[in-house]
Every structure is written in C-alpha cells, then in structure tokens.
Amino acid sequence: LMRESWPMLDAVSKKHPRDFTCGEKLCRLHKHAMRECGATTYAPLLGPLSEQTVKNFSLSLSSPYLYLASICVSEFGRNPAYSKLLFDMMANLSTSVFNSLRTADDLTSHPDVVEEFFYLAGRMINYCPSALVQSPLLNSLLQYAAIGMKLHHRDANRGTLNFLEATASYSLKLRTASALDAN
C-alpha cells in the first residue's frame, strides 16, 4: 500500500513542503506504516523517504521531519547496511540546521527544531554511532549543543541533554571496553 501510495504522498509533500500540519500528518503516516510493516518491508522506501525528509526539512525547517528521521534511525539504525544512508541523512539535516539557525535568537525562535534535532543526534549515537563518531560532524554537534544548552526552553534543553548523555555513555562504553581489552 505504501509503495502504491508513494507517488501521491510524494506529490503532496512537494506541493506543500512548508505546511507544518501537512508535514506532521505525512511524517506520522510514515512512522506508523514503518512500524507496522517492519523495517524489512519498508526498506525499499527508506532511500526516497530520506531524500524527501531532507528536502522538505530544508525548505520548511519543520520539526516533524526531524522526528521522522529519528524514527528511521531507531527502526533501521542497528542494521549496518543502512548506516551510511542514515549518516548521510543526519549530515544533510545538520547542514540545514547549521545554515538556518546560526544565532542564539534563531535557536530560541525554533525550540522544537532544537529539541528534535538533538533527539535525532542522540539516536544516531545510540543506534548507529560509528560513522558519526568518526566524522567531524560530531565536533560540530557538540559545539552546537553548548549553544543549545543556553536556551531557556525545557524541551530544547531536554533534547540537547539527551544527545550529550548518549555521547557520554558511548564514550564511557568505549573506555570500559578498552580497559577490559588492556587487562
């Protein structure tokens, strides 16, 4: 059904890329379909969905697209076959965020984007960390998190803290494994 509906859903997203409500409904539909069908069945749509998500987010700066990206990471991230696709999606979304939200005022004006962006980054660390922790993007995310923590918005801070906690936990896990190997 989703493969058959893809052309129509794609046309709707192209026609209304900046419509928050439309984006939210489309993202919710993909989330529920992905979870109901399972990753194996939904896998053929992941590439086009990733491209559409990045494009629509870059046009709209609407947080539902970041949430959908997070769902993709949680559903496909443990499978190494999708690591590069998910990392590329994260990198492209990061470029849009970094280019659009440059100042503290920009971040303050979009707390939902800050929150969902850092939840997405946290899921990348939790589900498929290799590409992210080996790239310069991690340093940029950490610097951006330092700015994000200065916001006076509980949800934005919660997303940022989630990412920082995931990063610290991953680092601790690596150190513990390294110490065990040394013994």
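- Here the shortest heavy-atom pairing between Leu86 and Cys128 reads CD1-SG, 4.1 Å.
- The side-chain contact (heavy atoms from CB on, under 4.5 Å) with Thr160 is formed by just one residue from the set Val114, Ile147, Leu141; it is Val114.
- Interatomic distance, Leu164 CG to Leu142 CG, rounded to the nearest 0.5 Å: 6.5 Å.
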Could you go through the side-chain contact (heavy atoms from CB on, under 4.5 Å) check for Leu132 and Ser135 one step at a time?
CA-CA 5 Å; Leu132 180 58; Ser135 79; 4.2 Å; yes

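- At a threshold of 4.5 Å between non-hydrogen side-chain atoms, the residues Gln52 and Leu9 do not count as touching.
- Note on Tyr119 and Phe117: separate hydrophobic clusters, where clusters join Ile, Leu, Val, Met, Phe, Trp and Tyr whose side-chain heavy atoms are under 4.5 Å apart, directly or indirectly.
- In this structure, Met34 and Leu45 have side chains that are not in contact, with every pair of non-hydrogen atoms separated by 4.5 Å or more.
- Residues Leu138 and Ile125 are in side-chain contact: their nearest non-hydrogen atoms beyond the backbone lie under 4.5 Å apart.
- Judged as a ring pair (Phe, Tyr, Trp, His ring centres under 6.0 Å), the pairs with a partner in residues 74-96 (not counting sequence neighbours) are, in order, Phe76-Tyr82.
- For the pair Ser50 (side chain) and Leu46 (backbone), a donor-acceptor distance under 3.5 Å is absent.
- Under the 4.5 Å side-chain heavy-atom criterion for grouping Ile, Leu, Val, Met, Phe, Trp and Tyr, Leu1 is not connected to Met8 through any hydrophobic cluster.
- Within the structure, the salt bridge (charged side-chain N to carboxylate O under 4.0 Å, His left out) test picks out no pair touching residues 37-52 (sequence neighbours left out).
- Taking the side chain as every heavy atom from C-beta outward, Val113 and Leu107 never approach each other to under 4.5 Å.
- Identified under the ring pair (Phe, Tyr, Trp, His ring centres under 6.0 Å) test for residues 133-169, with sequence neighbours left out: Phe98-Tyr144, Phe118-Phe163.
- Checked against side-chain hydrogen bond (donor to acceptor under 3.5 Å, both in side chains), Lys84 has the following partners two or more places apart in sequence or in another chain: Asp88.
- Contacts classified as ring pair (Phe, Tyr, Trp, His ring centres under 6.0 Å) and involving residues 15-73 (residues at least two apart or in different chains) are given here: Trp6-His30.
- Under the 4.5 Å side-chain criterion, counting only non-hydrogen atoms from C-beta, Met89 is in contact with Leu93.
- A search for side chain to side chain contact (heavy atoms under 4.5 Å, CB included) contacts involving Thr21 returns Asp19, Lys25, not counting sequence neighbours.
- Arg102 contributes atom CZ, which lies 8.0 Å from atom OG of Ser100 (distance to the nearest 0.5 angstrom).
- Applying the salt bridge (charged side-chain N to carboxylate O under 4.0 Å, His left out) test to every pair with at least one member in residues 73-82, sequence neighbours left out, gives these pairs: Arg35-Glu75.
- For residues 161-172, no residue pair satisfies the side-chain hydrogen bond (donor to acceptor under 3.5 Å, both in side chains) rule, not counting sequence neighbours.
- Residue pairs meeting the salt bridge (charged side-chain N to carboxylate O under 4.0 Å, His left out) criterion with at least one member in residues 109-134: none, sequence neighbours excluded.
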Kindly determine whether Leu26 and Leu68 satisfy side-chain contact (heavy atoms from CB on, under 4.5 Å), including the steps that lead there.
CA-CA 9 Å; Leu26 284 169; Leu68 178 58; over 6 Å; no

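- Contacts of Leu59 classified as side chain to side chain contact (heavy atoms under 4.5 Å, CB included), with partners at least two apart in sequence or in another chain: Pro17, Arg18, Lys55.
- Residues satisfying the side-chain hydrogen bond (donor to acceptor under 3.5 Å, both in side chains) test with Lys14, not counting sequence neighbours, are Asp10.
- A heavy-atom distance below 4.5 Å is not found between the side chains of Ser70 and Val73.
- Residue pairs meeting the salt bridge (charged side-chain N to carboxylate O under 4.0 Å, His left out) criterion with at least one member in residues 135-163, sequence neighbours excluded, are Asp155-Arg158.
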